[in-house]
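Note on naming: letters A, B, ... go to the chains in the order of the sequence lines (proteins, then strands), and numbering restarts at 1 for each one.
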4 protein chains.
Amino acid sequence: MSEWEYNTPGISDECFIRGEVPMTKEEVRAVLLSKLRLKKDQIVYDIGAGSGSVSIEMALVLKKGQVYALERKKKALNLIKKNFIKFNLKNIEIVEAEAPAGMDALPGADRIFIGGSGGQLTAILEAADQKLKNNGRIVLTAVTINTLTTAIQELERLDYRLDIVNIAVTRTKNINKYKMFKALSPVYIISAVKK
Amino acid sequence: MSEWEYNTPGISDECFIRGEVPMTKEEVRAVLLSKLRLKKDQIVYDIGAGSGSVSIEMALVLKKGQVYALERKKKALNLIKKNFIKFNLKNIEIVEAEAPAGMDALPGADRIFIGGSGGQLTAILEAADQKLKNNGRIVLTAVTINTLTTAIQELERLDYRLDIVNIAVTRTKNINKYKMFKALSPVYIISAVKK
Amino acid sequence: MSEWEYNTPGISDECFIRGEVPMTKEEVRAVLLSKLRLKKDQIVYDIGAGSGSVSIEMALVLKKGQVYALERKKKALNLIKKNFIKFNLKNIEIVEAEAPAGMDALPGADRIFIGGSGGQLTAILEAADQKLKNNGRIVLTAVTINTLTTAIQELERLDYRLDIVNIAVTRTKNINKYKMFKALSPVYIISAVKK
Amino acid sequence: MSEWEYNTPGISDECFIRGEVPMTKEEVRAVLLSKLRLKKDQIVYDIGAGSGSVSIEMALVLKKGQVYALERKKKALNLIKKNFIKFNLKNIEIVEAEAPAGMDALPGADRIFIGGSGGQLTAILEAADQKLKNNGRIVLTAVTINTLTTAIQELERLDYRLDIVNIAVTRTKNINKYKMFKALSPVYIISAVKK
């Protein structure tokens, strides 16, 4: 049995083992999972898998599919492994490599999520385009203007059809008897369909 | 086969037949579905079902469960019926009644979503509490300060555990060669667990 | 000469001496100063003056007017005094007292800003209504749902005309060569005119 | 006497004659005025003056200074003229010309606000840099990703010091007895200081 007993994405943040690695928050994960438009038997990559939270969300949806989680940082890899054990999922494979190099050996992808690019976004998008099947989707989260700009520029050059939304989540925190507003930093989600 | 071929919630807005009835947008639907934390075999109500979009999202997740869609307005009911036919789902039952009265005859609920309350929010929450099983969840969307305030007050009085988030979605719209920011009005999502 | 050489409100945050006392950020200060609609010769109160930043903004606009800065906390009072010395303004008087009690002895007000209420918001609004001249304005910032709700309820009971806006500021922070989005928590600004 | 009797920027939207020309809303005007950091005796340009609202705000602060309002569109020019008459300000000069060409004949600027660029942003920024005095400021509003990206790219190339904030204003609208959230589309404000 898995750690997450529900059939809707957007796993509670507290279900994950957290380290110093930044993690996409549950509300944003729910939206980006939606933008991925997954089917049960797909092949998906998670580039810059970080804490592994998006890989786990995808693997839970993909009953008969397969997730490849690429990550190059030792700290993140340790965290990912712990989280994968906690959720006990059979259909995730960790690829200990830097993108785009680590993508070469993988089978063609139906969906590619890019949560981190280590300064290699242009090269990663080119490689992603090589691996992605027709009508496939690339989804990115951008927390910097640079990523937003580069992603749009490159995906338009590759002639993808784009959908861009910004999600600003404000939570409330109980402080004594008060419910105080506490903003999460807004995230752009860029969804691109290969024509 | 259903209209929606994907296994992730957050159905594209354009998949629904739209009328003059306001519809919860796909990104907000993805988050509120996540907050509902559905399981496959549950009984759920959709109070003030409007266009039927949330009922449809829930029915797609609940393979063996049942959705009861309550709506009192003729225009909305016509729209709901059209959308249910379009998505071809067997596990939604329309209840043509005003809440809370229409809830009386229904079986106990695991989840209750309240998208509209027609000025009867306090009474609806009291009735919802009567019908909801232990550890069940009520999820509301609030697009007015009044609904936000009343929901919190009443759910705290009923001793529920609350989680409150605000979701502000900004889309970009293509105008000539420009990508213009276009805000959707922000929505509070209140999730309440019965202890 | 004053510390601030410009004739527009919204003094840079870094111009103020900061302590552990929370400070309203410059963009939000610019908007709330706007909502105060100040004239040069007015009497204004700053209730819960905190770091003194709003008092200083108001005093700079009120060439011939007078600001009364009420604050009860020792830490904040020390900070206010340091900031007033730094900006070298003659038309601010510190009132070391708790509101509403400390308002009794003050002359009638044209404008009242409430940045903090120490759990006494209802009593403060009643006292403010007593001291406020006709066509005067009360402006509040709310960073909790409780303050938002109580302020609206009480100001409507007192028959004021309300304007409510939420301001969500996202700054960008330079991290290496990246411009990263960094949200400030959103603030409601409630402006109320005495009929 | 002027139409606006207050000494704080952020003139009520309803004080302006509105046409089909989009107008920067009062809360955003308050923040961008703040970012302009005006002094009383400055020379400022308003490029793409639109409805004239920002020119009027600046002219009210600049008692001894001068505003040059550039606009090329006939409809906007008619509107600007009506608004200038309404506010009865002596220190605004309308320049009926396209930017950057229309900037050539103007005296050197202390501040340049760019509210619209008609697809000529790069050329306008180059010309602005030529006309701007040292330590002068350029402030832009961006409502598209394109303007945001181009402005940053060009201003960094010109070696300006940048400050970038996004302002998302949500108003509440009275609908019957409800206070409904109504978002204005978010605006980026880019402030650039010439070193």
Given that the side chain runs from C-beta out, which part of A:L184 has a heavy atom under 4.5 Å from chain C: side chain, backbone, both or neither? backbone
Given heavy-atom pairs under 4.5 angstrom as the criterion, report whether the side chain, backbone, both or neither of A:A168 touches chain C. neither
Heavy-atom neighbours of A:K173 NZ exceed 12 at 6.0 Å: no
Could you tell me whether A:R161 atom CZ has more than 12 heavy atoms of other residues or ligands within 6.0 Å of it?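 Result for CZ/A:R161: open.
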So which heavy atom on A:Y178 is nearest to which on C:N146, and how close? CA-OD1, 3.3 Å
Could you work out, with salt bridge (Lys or Arg N to Asp or Glu O under 4.0 Å) as the rule, every residue matching A:K194, not counting sequence neighbours? A:D129
Contact list for residues 179-190 of chain A, test side chain to side chain donor-acceptor pair (under 3.5 Å), sequence neighbours left out: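 Checked against side chain to side chain donor-acceptor pair (under 3.5 Å) - neighbours excluded - the pairs reaching residues 179-190 of chain A are A:N174-A:K179, A:K179-B:E156, A:Y188-D:Y188.
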